[in-house]
Amino acid sequence: MSEATQPGSGSSDGQSGTEPFDLVVLGAGPGGYVGAIRAAQLGFRVAVVDENELFGGTCLRVGCIPSKALLESSHHFVEAKESFASHGIVTGKVKLDLPTMLSRKDEVVKRLTGGVKMLLDRAKIETFVGRGRFDGPGRIKVDGRDAGIVQGKNILIAVGSYSTRLPNIEFDGDLVGDSTTALSYPEPPKKLVVIGAGYIGLELGSVWNRLGSEVIVLEALDRILPGMDSEIANIAKRTFEKQGLQFRLGARVESVKIQDKHCMVTIQGEEPFKVDRVLVAVGRTPATKDLGLETIGLETDARGRIAAVEDDYSTAVPGVYAIGDCIGGPMLAHKASEEGVAFAEKLAGIPGKVHYEYIPGIVYTHPEIATVGVTEDQAKASGHEYKKGICPFGAVARAVTLGDAEGRVKILADAQTDRVLGVHIIGPRAGDLIAEAVVAMQFGASSEDIARVCHAHPTLSEGVHEAALAIDKRAIHT
């Protein structure tokens, strides 16, 4: 393959000449492919390099999308066993067909990754399948199916992250694995240990708990969901315990060893105990190793992050930019996508911007948990005077009709200005409901602004409305 060549939209031996691309994007995940498409819309000639034939990054291939498919399927399984009868639906004995469930998950992934490739092709973006590494300024060497050199006037690093591993844990990618491993267990483990009580651990722990596993969540801290509003996190813990999840907080794992096709887990100060599988879910690490950064003089910090200027995502090397999990901040797909758009617009001279204080976080357990802005813990710690409004979903008619009335909406507002500081929701479709709060906060809304907007009845959004009313003791239904 000659320089700046390769297919994507054409044949595997096609050429696009030696003229450098305006932009080469390393990584076809939520940050990379979105940034590439926006740049193409703005008139740039763009190429994307990714080592996987299925585009979409970790999120689409082995992260957000397959895990949500399993969460949905496993939730239906529990509903069929435990809730259908209350609706007058008699099903008989419900059985698990795990191969079909996993196959559906794979089909969802196939459909959406194929959609990403279609979008790139439609935008006339050239795609290169192979491992991309810097080979000096403006040059990316591709090893793999589309081997060769791709040149770019500008290069965007959007390679995402991988699951963090812990020392003293025998990681074999089978009995002891990460979130990718836990998407494809051949059968529900009798006893599963999840190390880490964050978003990923709770979501995948919930999946296998619903499918019949005894799930023990080990967390080194004294709480679950670190960084989230503690009141909401405590409600979540009690709810998950009712569902069968077991929590051991303040549990520091010293080692995990594989013995006789089982896992021996040792917690500091305790005797080892035996389980069938271990899921390590303690965070993610930027995938910036082995990118040839030394050939352009670009360094990372101790955690592998690249320093990038928030205004335009430029790095210390002219013409090289970075976004997403590579630069720190919340490791969320939608954050990376917003950065991809902002980067492309800045490159074109358009004032793109990401409002980092209004990036929502969502845990797709049941009930769902969603959060944006300041937590009550942060407000107290900073001495910020605030008002609080709460609406339990038991007071929301739509939640009651769904048979899903557990949880609450919590809104915090500035005590003087009434400007909304944070919104925290645990309950049905919390991930969808949080969008209203994000829009309101980004436009500087007060709690009264939300309270004076008509919310349709009966909808779950009335919980947000009622919580806003409650801030000034005007709630009608609570």
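Quick caveat: nothing in here was measured; it's all calculated off a predicted structure.
- Residues meeting the salt bridge (charged side-chain N to carboxylate O under 4.0 Å, His left out) test with Lys346, sequence neighbours left out: Asp311.
- For the pair Val217/Gln246, no side-chain contact is recorded, criterion being any heavy-atom separation below 4.5 Å from C-beta on.
- Pairs of residues two or more places apart, or lying in two chains, that qualify as side chain to side chain donor-acceptor pair (under 3.5 Å) and include a residue from residues 280-289 are Ser161-Arg284, Ser163-Arg284, Thr164-Thr285.
- Within the structure, salt bridge (charged side-chain N to carboxylate O under 4.0 Å, His left out) contacts touching residues 442-463 (residues at least two apart or in different chains) are Glu448-Arg452.
- Annotation for Ile362 and Glu203: closest pair O-OE2, 4.1 Å, computed over non-hydrogen atoms.
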For residues 469-477, please give each side-chain donor-acceptor pair under 3.5 Å, one per line with the distance, not counting sequence neighbours.
unit_1	atom_1	unit_2	atom_2	d
Asp472	OD1	Lys387	NZ	3.2
His477	ND1	Glu466	OE1	3.3

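- No more than 12 heavy atoms of other residues, nucleotides or ligands sit less than 6.0 Å from atom CD of Glu385.
- Side-chain atoms of Glu436 and His455 include a donor-acceptor pair closer than 3.5 Å.
- Between Lys335 and Glu339 there is a salt bridge, with a side-chain nitrogen of the basic residue lying less than 4.0 Å from a carboxylate oxygen of the acidic one.
- Counting only residues at least two apart or on different chains, the salt bridge (charged side-chain N to carboxylate O under 4.0 Å, His left out) pairs with a member in residues 388-404 are Glu376-Lys388.
- With respect to Lys353 and Glu345, no salt bridge is recorded, no charged nitrogen being found less than 4.0 Å from a carboxylate O.
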Handout entry: His384 and Val374: CA distance, side-chain angles, deciding distance, side chain to side chain contact (heavy atoms under 4.5 Å, CB included) verdict
Key = CA-CA 10 Å; His384 198 136; Val374 175; over 6 Å; no
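- Under a 4.0 Å N-O distance rule, the pair Asp106/Lys110 does not qualify as a salt bridge.
- Here the shortest heavy-atom pairing between Gln378 and Gly373 reads OE1-O, 4.1 Å.
- Residues Thr113 and Phe55 fail the side-chain proximity criterion, which asks for heavy atoms closer than 4.5 Å.
- Each salt bridge (charged side-chain N to carboxylate O under 4.0 Å, His left out) pair with one or both residues in residues 221-244, not counting sequence neighbours, appears once here: Asp229-Lys410, Glu231-Arg408, Glu231-Lys410, Lys237-Glu241, Lys242-Glu406.
- Using modelled atom types, one finds no donor on one side chain facing an acceptor on the other under 3.5 Å when comparing Glu338 with Tyr356.
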Exercise for the section: Kindly determine whether Val193 and Phe273 satisfy side chain to side chain contact (heavy atoms under 4.5 Å, CB included), including the steps that lead there. Expected result: CA-CA 10 Å; Val193 153; Phe273 62 98; 3.8 Å; yes
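- Although no hydrogens or angles enter the test, the distance criterion places a donor-acceptor pair under 3.5 Å between the side chain of His334 and the main chain of Pro360.
- A donor-acceptor contact closer than 3.5 angstrom links the side chains of Lys105 and Ser184.
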